[in-house]
S.K.: 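To start, I am sharing the structure in question, which I have written as structure tokens.
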Number of protein chains: 2
Amino acid sequence: MNQPHWLSAKERDTWIRFAAVAELLPAALNLQLVNDEGLTHFDYYALAMLSEAPGRVLRTSALAARTNATLPRLSRVLSRLEDAGWVHRAECEQDRRATNVSLTQSGWEKVVAAAPNHVATVRRLVIDALTDEQVEQLGAISRAMLSRLDPECRMLASER
Amino acid sequence: MNQPHWLSAKERDTWIRFAAVAELLPAALNLQLVNDEGLTHFDYYALAMLSEAPGRVLRTSALAARTNATLPRLSRVLSRLEDAGWVHRAECEQDRRATNVSLTQSGWEKVVAAAPNHVATVRRLVIDALTDEQVEQLGAISRAMLSRLDPECRMLASER
DNA sequence: CTAGATTAGTTGCACCAACAACCAATGACC
DNA sequence: GGTCATTGGTTGTTGGTGCAACTAATCTAG
């Protein structure tokens with residue numbers, strides 16, 4: 001890297017603001033969920049991914065891919081969610097190494113209860129701050145960045 | 001919240017992708033710095049803020065504001081950076097409660113050495129994935145979101 | 001001048017997450 | 001069919017981070 005390609009003034013301005021957003025937004029989303037629901041954002045996201053899966057069941061490693069979590073992290077989170085009664089772990093019949101994680105009725109109700117405030121927060125901090133045109137632009141921009149950050153689309157597996 | 005205002009299909013599409021970016025980008029930036037320089041992204045950012053300050057000196061609480069860190073967090077990070085010889089803490093003459101944190105020559109050299117690869121990573125993952133027009137759009141979008149996330153512009157203090 | 005309130009920073013404690021080591025089950029190959 | 005590599009998941013250990021409690025210095029009011 002003998003001749004670093006520095007950012008132009010315009011690029012630098014965009015980057016500084018966008019980096020600040022990337023720093024502040026996750027903390028803000030987490031704070032709302034912890035305060036209102038006693039869930040971390042990761043907890044909520046994991047429950048939400050389960051709620052959208054067919055039969056509300058996923059194998060542990062499939063859930064880990066959708067949530068961008070390591071298996072050790074997810075293992076401990078699932079223990080906590082299971083203790084709270086929101087998920088249930090059962091041996092997989094086809095592959096007895098694997099575990100099927102299912103959303104319980106209580107877990108479903110938790111997601112349903114938490115969703116409105118969470119969506120309202122997403123609206124307040126992101127969507128409603130933008131024009132319709134900007135929402136469209138942000139979608140295209142995010143798609144472009146994701147092609148670099150996640151070429152295999154692991155995080156969007158549930159969308160395909 | 002009796003009538004939650006759900007996201008439209010287009011808004012939801014944008015949000016899912018953007019949330020994935022917000023999840024993956026910080027980890028990617030951190031990984032590059034840890035691998036290449038043995039610095040966390042927070043370490044690097046703190047050193048960078050010091051390097052841009054007049055005289056390369058800031059009070060602990062001013063640095064905390066610029067880096068969006070709590071005082072306890074920054075206190076421990078500074079202990080680590082001081083042990084590494086990159087910063088120096090000295091009592092403030094005017095207010096003996098306060099601490100002036102200064103970047104050492106070694107710390108300056110560390111930032112200068114780390115910057116090119118870091119900037120190259122920002123280019124690779126963000127800037128170069130976008131058209132010039134999209135860079136402009138992302139600047140405006142980030143500005144709009146920041147007005148919700150950080151109305152007092154604490155994180156942009158060094159820019160004003 | 002002195003008592004109480006506020007501010008700057010550090011430290012005790014508890015929790016969370018990463019890495020590595022580990023166990024169990026499966027698949028691959030001869 | 002038996003050995004070896006691979007995969008799915010859990011647990012030990014370590015390091016980071018937030019909150020609350022604490023110390024010390026400064027400011028404010030009477």
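Just so you know, these numbers use all the heavy atoms, side chains as well, and skip hydrogens, waters and symmetry mates. For clarity, every value in this text was computed on a predicted model and none was experimentally measured. Proteins get letters first, then strands, A, B, ... in listed order; numbering begins at 1 in each.
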S.K.: Report, one pair per line, the protein and nucleotides 19-24 of chain D atoms (nitrogen or oxygen only) whose separation is under 3.5 Å.
M.R.:
none

S.K.: Side chain of A/Thr60 only, heavy atoms from C-beta on: which candidate in D/dG9, C/dA8, D/dT17 is closest?
M.R.: D/dG9
S.K.: For B/Asn35 and C/dC19, give me the distance from atom CG to atom P, rounded to whole Å.
M.R.: 10 Å
S.K.: Answer yes or no: are there more than 12 heavy-atom neighbours, outside B/Asp132 itself, under 6.0 Å from its atom CG?
M.R.: no
S.K.: Please state how far atom CZ in A/Arg80 lies from atom C1' in C/dA17, giving the value in whole angstrom units.
M.R.: 11 Å
S.K.: On DNA chain C, does the nearest nucleotide to B/Arg59 precede the nearest nucleotide to A/Phe42 from the 5' side, or the other way round? Give the residue.
M.R.: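 Closest to the 5' end, via its nearest nucleotide, is B/Arg59.
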S.K.: Where is the tightest heavy-atom contact between A/Leu39 and A/Trp86, given as atom of each residue plus distance?
M.R.: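 Closest pair (atom of A/Leu39, atom of A/Trp86, distance): CD2-CZ3, 3.5 Å.
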S.K.: I need the CG-C1' distance between B/Leu78 and D/dG16, as an integer number of Å.
M.R.: 14 Å
S.K.: Rounded to the nearest angstrom, tell me the gap between atom CG in A/Leu74 and atom C1' in D/dT10.
M.R.: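 About 12 Å, once rounded to whole Å.
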S.K.: Measure from the side-chain N and O atoms of B/Ser147 to the backbone N and O of B/Ala144, and report whether any donor-acceptor pair falls under 3.5 Å.
M.R.: yes
S.K.: Nearest whole angstrom, please: distance from the C1' of C/dA17 to the CG of A/Asn30.
M.R.: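 Distance, rounded to whole Å: 13 Å.
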S.K.: Can you tell me how far C1' of D/dT7 sits from CG of A/Leu71, to the nearest Å?
M.R.: 10 Å
S.K.: Looking at B/Ala90, is its backbone amide N or carbonyl O close enough to the side chain of B/Asn100 to form a donor-acceptor pair, meaning the two atoms are under 3.5 Å apart?
M.R.: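 Such a contact is absent between B/Asn100 side chain and B/Ala90 backbone.
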S.K.: Pairs in or reaching into residues 36-51 of chain A: which pass salt bridge (Lys or Arg N to Asp or Glu O under 4.0 Å), with residues at least two apart or in two chains?
M.R.: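 Every salt bridge (Lys or Arg N to Asp or Glu O under 4.0 Å) pair that includes a residue of residues 36-51 of chain A, provided the two are not neighbours, is A/Glu37-A/Lys110, A/Asp43-A/Arg80.
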S.K.: Closest approach of A/Leu130 and A/Val135, non-hydrogen atoms and distance?
M.R.: CB-CG2, 4.0 Å
S.K.: Name every residue in residues 81-96 of chain B that has at least one heavy atom under 4.0 Å from any atom of DNA chain D, in order of residue number, or write none if there are no such residues.
M.R.: B/Asp95, B/Arg96
S.K.: Between atom CG in A/Leu63 and atom P in D/dG8, what is the gap in whole Å?
M.R.: 14 Å
S.K.: Below 4.0 angstrom from OP1 or OP2 of D/dT11, is there any side-chain N or O of A/Ser75?
M.R.: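 For D/dT11, neither OP1 nor OP2 has a side-chain N or O of A/Ser75 closer than 4.0 Å.
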S.K.: Pick the closest DNA chain C nucleotide for B/Ala98 and for A/Arg73 by heavy atoms, then say which residue is nearer the 5' end.
M.R.: B/Ala98
S.K.: Measuring from atom CZ of A/Arg12 to atom CD1 of B/Ile127, what distance do you get when rounded to the nearest 0.5 angstrom?
M.R.: 12.0 Å
S.K.: Checking the side chain of A/Gln32 only, and the main-chain atoms of A/Thr121 only, is there a donor and an acceptor separated by less than 3.5 Å?
M.R.: no
S.K.: Test your reading of the model: is there a side-chain donor-acceptor pair from B/Arg123 to the backbone of A/Trp6, 3.5 Å cut-off?
M.R.: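 Yes, the answer is positive, given that a donor and an acceptor are paired below the 3.5 Å cut-off.
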